[in-house]
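Written below as structure tokens is the structure these notes are about.
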Amino acid sequence: MKKILKKSVTMLLTTILLFNVFSSKASASSSQWVYNKGEWKVRLDSPDGAKSYHHLHFYKSGKHIYCLRLDNMQPCDGTRNNKDKVYKSVMKAVMSHPKVKNAVSYYTPAINSAWVRNIVKP
């Protein structure tokens, strides 16, 4: 009886451990810092319950300045008037980041396909 109980408890604890490992990995990947130079920081957020699209948050000296949707390249969170406050060099560096490119390609798969690149050179 003790052997069966030990095996059951061990299996239960192993299952809980694996669940915690995989769930923490998923939540950690939902928000990633993709730029951190000088006074500027930019965070890439994955789709979640609040927003069903990838988006970027631009921070200057710790203050939220601008939010950019990556599905239609429009502002989000009512920060429409702050687009000009983001330096073009920061925007260019962020948009060239591999994780941001991957998020953008999620919404425009045809543009990023090899077949289209052979026809039209970007």
Audit row: Cys76, Tyr53, side-chain contact (heavy atoms from CB on, under 4.5 Å) steps and yes/no: CA-CA 11 Å; Cys76 54; Tyr53 47 83; 3.8 Å; yes
Trace of the side-chain contact (heavy atoms from CB on, under 4.5 Å) decision for Arg43 with His64: CA-CA 10 Å; Arg43 188 181 78 222; His64 187 263; over 6 Å; no
Derivation of the side-chain contact (heavy atoms from CB on, under 4.5 Å) call for Leu56 and Arg69: CA-CA 7 Å; Leu56 295 168; Arg69 295 175 61 150; over 6 Å; no
Step-by-step side-chain contact (heavy atoms from CB on, under 4.5 Å) determination, Thr79 to Ile65: CA-CA 7 Å; Thr79 57; Ile65 300 294; over 6 Å; no
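Side-chain contact check for His54 and Asp71: no donor-acceptor pair (N or O, by modelled atom type) lies under 3.5 Å.
Around NZ of Lys51, the count of heavy atoms belonging to other residues, nucleotides or ligands within 6.0 Å exceeds 12.
Side chains of Tyr66 and Lys60 form no contact here, defined as non-hydrogen atoms less than 4.5 Å apart. The side-chain heavy atoms of Gln32 and Asp45, taken from C-beta on, include no pair separated by under 4.5 Å. Side-chain contact check for His97 versus Leu44: every heavy-atom pair is 4.5 Å or farther apart. In this structure, the side chains of Tyr35 and Val90 come closer than 4.5 Å at one or more pairs of heavy atoms.
Of all the heavy atoms in Pro47 and Ser52, the pair that sits closest is CB-C, 3.7 Å.
Taking the six-membered ring for Trp and thresholds of 30 and 60 degrees, Tyr59 and His57 have ring planes inclined between 30 and 60 degrees apart.
In this structure, Val34 is a member of the same hydrophobic cluster as Tyr87, with clusters built from ILVMFWY side-chain heavy atoms closer than 4.5 Å.
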